[in-house]
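Down below is the structure, laid out as structure tokens.
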Amino acid sequence: MSTTGSKRPAPVSAARRRTVLDALRRGAVPESGLDLLATGLDRFETALDAELDAVASGGSVFKAVRGEYGSGKTFFTRWLGERAKRRNFAVAEIQISENETPLHKLETVYRRLTERLTTSSFPPSALRPVVDAWFYALEEDALAAGATEEELPGEVEKLLVARLAEVSRHAPSFATALRGYRAALADGDEATAAAVLAWLGGQPHVAASARRTAGVRGDLDHFGALGFLQGLLTVLRDSGHTGLFVVLDEVETLQRVRSDARDKALNALRQLIDEVHSGRFPGLYLVITGTPAFFDGQQGVQRLAPLAQRLATDFTTDPRFDNPRAVQIRLPGFNQESLIGLGATIRDLYAEAAASPERVRVVVDDAYVADLARAVGGALGGKVGVAPRLFLKKLVGDVLDRVDQFDDFDPRQHYRLTVASSELTDVERNLAATVTGGPASADDIDLEL
């Protein structure tokens, strides 16, 4: 997310601008509108767009994104997700965590995927609109082939069987559940239809009566999840979507789980990579994110030699010559210059909708943006790479909002940067502690023995 110059198109709609600024004001990565900020990512665009086009043509891609905390991994994956969505991909972003979404339980990962599934037309969860669109497409295809209204149900069933033939080899219950869903809708039984669709989305504890009606049993398991993912890709393709873009974010959390769970999770990741490369999931673009410590350390990828081999990438050269086509790409993170450039981009975006655009640009000029960037970086122990989130939060919420609303507000006179512990992430808090005299590491803590 480094910024060396703006390529942002003009004009920008009020809704897109508001979405971006509201997120930055909260200290969050915007869910959309990231192209307004994504200057400096040009070197990735050509290779990644080519991969998206290959997936849209029936291929599949696995990508690993590495970067330190604050380097913009979440921003990068959402930016890439927006590019995928413009190509009519469905998108899902999943946070990996030990308690909520353990990676070694692929049935849980699949469930989170369907909960977070979004398209250009529908917010999460878009599973039901996608399935409804699929049945509509089957009906249209049957009618185009000459089926009469009386023949339509039977012809749709034939198409369903044909389209899911490959899926049914691995997960026959996927097609069975779809039939049950459609039958419940035809009978006007909305409760059963919703329950069956929930089961199809991997939800546990679905009413036994609904499962009996649909002809399915039990809950989705680890191995069935891969078959259901295959079925979902088929449904997406036939309902008009070019592919599915999935992000498994914060995979480095695996380093903090029990060793047995970690080993299972690493093996599950190896299995996913192999399945993607085998061609089992046409239309899938799968991305994971993690820190260098996860990819290079003995508590992460290196713990499983086959996985380390699959992710091995040469990063010994100058970052300028990194290969964006490689299985693993690195984000260099921010330096002082790129942080200031990003601040100027946000200032200009804000000014376009301000009551007095020229005043905003004059009062919050490039020199002040630079001063604020240095101050935030200093508050975090000089670690500029971790500063962007807090810097943008302060710039928008503490400075630009006040300049826009109060004619006599001058941040050089009326504002002094304060950083409360409660507004920091754990990483930011640890860095701030080194500035205020706290221990820089475990070795700096005196223990009374």
Side-chain angles (χ1 to χ4, degrees), residues 15-16 19 23 29-35 52 55-56 60-61 74 77-96 100-101 106-140 160 163-164 167 171 174-175 177-182 184-185 190-204 206 210 214 220 225-249 281-287:
R16 297 185 73 216
T19 296
V29 175
E31 293 285 346
S32 61
L34 298 178
D35 57 305
L52 288 171
V55 172
S60 55
V61 168
T74 299
T77 54
R78 289 185 181 171
W79 166 79
L80 184 54
E82 281 197 346
R83 299 180 79 82
K85 200 175 287 187
R86 285 198 291 271
R87 288 168 166 78
N88 204 24
F89 278 65
V91 175
E93 178 185 319
I94 305 164
Q95 301 290 323
I96 298 299
E100 296 296 325
T101 315
L106 292 181
E107 67 273 24
T108 305
V109 175
Y110 172 80
R111 181 166 78 245
R112 296 286 180 257
L113 189 161
T114 61
E115 291 171 351
R116 296 290 299 159
L117 187 68
T118 182
T119 68
S120 56
S121 302
F122 296 97
S125 166
L127 179 61
R128 182 159 190 167
V130 165
V131 171
D132 289 344
W134 184 66
F135 277 117
Y136 178 79
L138 293 186
E139 291 176 355
E140 290 294 300
L160 185 152
R163 303 280 172 87
L164 296 177
V167 176
F174 188 87
L178 284 171
R179 291 189 191 94
Y181 170 73
R182 187 164 183 264
L185 287 181
E190 172 61 30
T192 297
V196 173
L197 193 67
W199 188 88
L200 193 70
Q203 296 294 335
V206 173
L220 185 63
L226 294 178
F228 273 41
L229 175 58
Q230 194 176 0
L232 179 60
L233 288 166
T234 300
V235 169
L236 283 167
R237 182 185 65 240
D238 289 348
S239 60
H241 295 280
T242 51
L244 173 62
F245 179 86
V246 177
V247 178
L248 304 181
D249 202 10
F281 301 123
L284 177 64
Y285 195 120
L286 178 63
V287 180

Fill in: Listed partners of F281 passing ring pair (Phe, Tyr, Trp, His ring centres under 6.0 Å), at least two apart
none
Worksheet item: When rounded to the nearest 0.5 angstrom, what is the spacing between OG1 in T108 and CG in L113?
Response: 12.0 Å
Response to the item:
Distance col, row S121:OG vs N88:CG, nearest 0.5 angstrom, shows 7.5 Å
Item to complete: Keeping the roles fixed (side chain from T234, backbone from L164), state whether a donor-acceptor pair exists under 3.5 Å.
Response: no
Worksheet item: Is the shortest heavy-atom distance from the side chain of L80 to the side chain of L52 under 4.5 Å?
Response: yes
Response to the item:
Heavy atoms of L244 and L232 approach each other most closely as CD2-CD2, 4.4 Å
Discussion item. Suppose we screen for side chain to side chain donor-acceptor pair (under 3.5 Å). Which residues come up paired with D132, at least two apart in sequence or across chains?
Written reply: Y181
Worksheet, complete the sentence: Distance col, row L117:CG vs H241:NE2, nearest 0.5 angstrom, shows 8.0 Å
Worksheet item: So how far is it from E115 CD to Q203 CD, rounded to the nearest 0.5 Å?
Response: 4.5 Å
Practice prompt. Determine the minimum heavy-atom distance between G283 and L233, stating which atoms define it.
Written response: O-CD2, 3.8 Å
Worksheet entry | Minimum side-chain heavy-atom gap F135-L160 below 4.5 Å | yes
Practice prompt. Write down the atom of P30, the atom of A23, and the distance for their closest heavy-atom approach.
Written response: CA-CB, 3.6 Å
Worksheet item: Of the non-hydrogen atoms in A177 and L200, which two are nearest, and what is the gap between them?
Response: CB-CD1, 3.6 Å
Worksheet, complete the sentence: The ring pair (Phe, Tyr, Trp, His ring centres under 6.0 Å) partners of F245 (sequence neighbours excluded) come to Y285
Worksheet entry | Side-chain donor or acceptor of R111 paired with backbone N/O of P204 under 3.5 Å | no
Worksheet entry | Value rounded to 0.5 Å, distance of OG1 in T114 from CG in L127 | 6.0 Å
Worksheet item: Can you tell me how far the CG atom of L34 sits from the CZ atom of R16, to the nearest 0.5 Å?
Response: 9.0 Å
Fill in: Electrostatic pair E93:K85 at N-O distance under 4.0 angstrom
no
Practice prompt. Using the test side chain to side chain donor-acceptor pair (under 3.5 Å), find all partners of D238 that sit at least two apart in sequence or belong to another chain.
Written response: W134
Worksheet item: side chain to side chain contact (heavy atoms under 4.5 Å, CB included) with S32: which residues, sequence neighbours excluded?
Response: T19, E82
Worksheet, complete the sentence: Here the pair of heavy atoms bringing V55 nearest to L284 is CG1-N, 3.6 Å
Discussion item. If the condition is salt bridge (charged side-chain N to carboxylate O under 4.0 Å, His left out), which residues does R86 pass it with, not counting sequence neighbours?
Written reply: none
Response to the item:
Residues P129 and A126: closest non-hydrogen pair is CD-O, 3.2 Å
Discussion item. Closer than 3.5 angstrom, by distance alone: can the side chain of T118 be matched with the main-chain N or O of F122 as a donor-acceptor pair?
Written reply: yes
Worksheet item: Does a salt bridge link D249 with R78, judged by any charged N lying under 4.0 Å from a carboxylate O?
Response: no
